[in-house]
2 protein chains.
Amino acid sequence: MTAEAKTPQRTKHRTRDAEATKARILKAALNEFSRNGLGGARVDVIAEKADANKRMLYHYFGSKEELFQTVLENAYIDIRDAEQKLDLDHLPPKEALERLVRFTWEYYLKHPEFITLVNSENLHRAKHLKKSEIVKIYSRRFVSMVDTILQRGVASGEFRPGIDPVQLNITIAAIGYYYLTNRFTGSIIFERDLMAKEALEERLRFNIDTILRLVSA
Amino acid sequence: MTAEAKTPQRTKHRTRDAEATKARILKAALNEFSRNGLGGARVDVIAEKADANKRMLYHYFGSKEELFQTVLENAYIDIRDAEQKLDLDHLPPKEALERLVRFTWEYYLKHPEFITLVNSENLHRAKHLKKSEIVKIYSRRFVSMVDTILQRGVASGEFRPGIDPVQLNITIAAIGYYYLTNRFTGSIIFERDLMAKEALEERLRFNIDTILRLVSA
DNA sequence: CAAACAAGTAACCAGTTAGTGCGTTATCGA
DNA sequence: TCGATAACGCACTAACTGGTTACTTGTTTG
């Protein structure tokens with residue numbers, strides 16, 4: 001099952017490197033948590049995947065839940081950072097919005113772990129995110145991003161006024177997130193492969209269309 | 001925590017009733033699975049909540065996974081049945097669509113277990129749903145329902161042609177499902193109580209608007 | 001009404017789980 | 001080079017987990 005997993009040859013003497021070990025544990029934890037959820041993830045498996053001793057995991061992160069919280073925080077920081085880099089303020093409103101819809105879709109597609117992590121966190125009523133101050137700070141910048149696009153669009157007459165940026169934000173996420181998180185049950189119920197190349201492209205086009213129709217004047 | 005749980009007084013001699021016991025187990029399982037997911041659910045807890053012996057659970061359902069499959073099947077059958085009862089064919093297309101959006105939203109709101117169950121099933125790559133023939137049959141009727149509305153709307157000139165009923169179906173589900181399944185993380189990130197009465201009403205209005213704008217000619 | 005069967009129960013088991021106690025070894029500043 | 005510190009690892013455990021064994025008790029029917 002994990003034949004190729006122990007990539008770094010298990011030399012008896014690996015040079016000591018706290019940061020590297022931490023990073024390996026974090027990477028393995030992200031993988032295991034996203035694959036099986038917080039409840040289904042196994043601490044022993046994380047340690048093994050990280051080619052680290054379980055004792056190190058507890059030394060650096062304290063407990064399974066604290067490790068989960070760190071992994072979750074990192075995941076949120078990563079997506080928010082990527083969003084900021086989009087630099088939408090220099091684009092015409094319509095193009096900015098289209099680009100955001102496309103980005104959101106492609107990010108979810110490239111990082112299915114993010115979706116699974118968020119699902120797991122909601123199953124636990126966001127108890128870990130509640131404690132995370134850093135995520136709250138990042139979130140504010142994100143919400144105001146869409147707000148700015150919306151305002152510019154209204155000013156130029158392209159968008160209709162009165163749209164709640166939070167509702168728009170949620171909708172942009174929803175139409176991509178739902179499709180991808182429920183891709184397995186969806187493929188059965190709709191009797192088509194939702195993950196086929198053309199199906200994915202069609203969905204992205206549909207989503208851009210949905211959002212533009214929603215905001216158009 | 002479960003002070004009032006053992007509602008039926010634990011008389012030493014309860015009259016024997018296989019169907020009632022089965023039903024109690026199923027109800028308790030739905031509760032436990034939706035609260036904690038398949039992995040997080042505990043068989044002992046289900047038995048206790050059902051006020052039944054764990055052996056009965058294995059006698060009637062075989063294993064934890066088979067019990068989960070039954071619970072999941074029942075949940076799908078319930079929502080499909082409710083949808084059929086909407087009787088949308090006798091309504092003008094626009095009203096029919098609005099009613100479907102409203103129904104979907106309210107069903108998710110009333111039955112959060114359904115959402116959690118579906119999430120759990122997707123974490124397991126739909127391995128249980130794959131085996132369920134009955135759900136596939138029910139799904140077909142459901143997809144054709146939206147297709148019919150769409151066709152009637154195009155014929156009357158109210159809707160634009162060329163809309164894929166599957167994409168529309170997915171979108172209707174998505175804008176409600178995402179909001180509700182991520183209500184905990186969402187309330188933190190957007191710094192507002194997404195479950196407040198006015199917030200829910202606003203979201204429903206927004207969703208109806210989104211779908212009508214999407215299909216309008 | 002007795003025997004056959006189904007419903008129901010308690011105690012138990014083997015494997016797993018998150019978490020630790022304690023000893024070893026590499027690294028680095030003095 | 002020495003000794004302090006931090007990285008690392010083995011082996012353990014107490015509690016838990018899904019599943020079972022062996023049994024009792026109620027119900028039905030020839």
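Fair warning: this is a prediction, and the values are worked out from it, not measured in the lab.
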Task: Output field: ring centroids A:Tyr178/B:Tyr178 closer than 6.0 Å - done: no
- [ ] Would you confirm whether B:Arg24, through its side chain, and B:Asp51, through its main-chain N or O, come within 3.5 Å as a donor-acceptor pair?
- [x] yes
Open item on the list: Nearest whole Å is fine: how far is D:dT27 C1' from B:Glu19 CD?
Closed with: 16 Å
Open item on the list: Tell me the interatomic distance from A:Tyr58, atom OH, to D:dA11, atom C1', rounded to whole angstroms.
Closed with: 15 Å
TODO: Between B:Arg42 and A:Met56, just flag the one whose closest nucleotide in DNA chain D comes earlier from the 5' side.
DONE: A:Met56
Task: Distance in angstrom units between B:Arg55 CZ and C:dC13 C1', rounded - done: 14 Å
Open item on the list: Angle between ring planes, B:Phe190 versus A:Phe142, binned at 30° and 60°: parallel, tilted or perpendicular?
Closed with: tilted
Open item on the list: Can you tell me if B:Ser63 touches the phosphate of D:dG18, counting only side-chain N or O atoms and a distance under 4.0 Å to OP1 or OP2?
Closed with: no
Task: Validation row: B:Lys130, B:Lys127 side chains within 4.5 angstrom (heavy atoms) - done: no
Open item on the list: Just the rounded figure in Å: distance from P of D:dC12 to CG of A:Asn53.
Closed with: 15 Å
Open item on the list: Could you tell me how far apart A:Asp44 (CG) and C:dG19 (P) are, to the nearest whole angstrom?
Closed with: 11 Å
Open item on the list: By the 4.0 Å heavy-atom rule, please label B:Ala41 as base, sugar-phosphate, or nothing.
Closed with: sugar-phosphate
Task: Distance in angstrom units between A:Leu38 CG and C:dT17 C1', rounded - done: 14 Å
Open item on the list: Could you go through A:Asn182 and B:Asn119, starting from their C-alpha distance and side-chain angles, then the distance that decides it, and tell me whether this counts as side chain to side chain contact (heavy atoms under 4.5 Å, CB included)?
Closed with: CA-CA 7 Å; A:Asn182 292 335; B:Asn119 279 345; 4.1 Å; yes
- [ ] Could you check whether B:Ala20 gets within reach of a base, just the sugar-phosphate, or nothing at all, counting any heavy atom under 4.0 Å?
- [x] nothing
TODO: Compute whether any side-chain donor of one residue and acceptor of the other, for B:Ser187 and A:Arg125, lie under 3.5 angstrom apart.
DONE: no
- [ ] Report the distance from atom NZ of B:Lys54 to atom P of D:dT21, rounded to the nearest whole Å.
- [x] 13 Å
Task: Over 12 foreign heavy atoms within 6.0 Å of CZ, B:Arg35 - done: no
With 3.5 Å as the limit, what N/O pairs link the protein to nucleotides 3-6 of chain D?
| from | atom 1 | to | atom 2 | distance (Å) |
| --- | --- | --- | --- | --- |
| D:dA6 | N3 | A:Arg16 | NH1 | 3.4 |

- [ ] Write down the distance between CG (A:Leu57) and C1' (C:dT20), rounded to a whole number of angstrom.
- [x] 13 Å
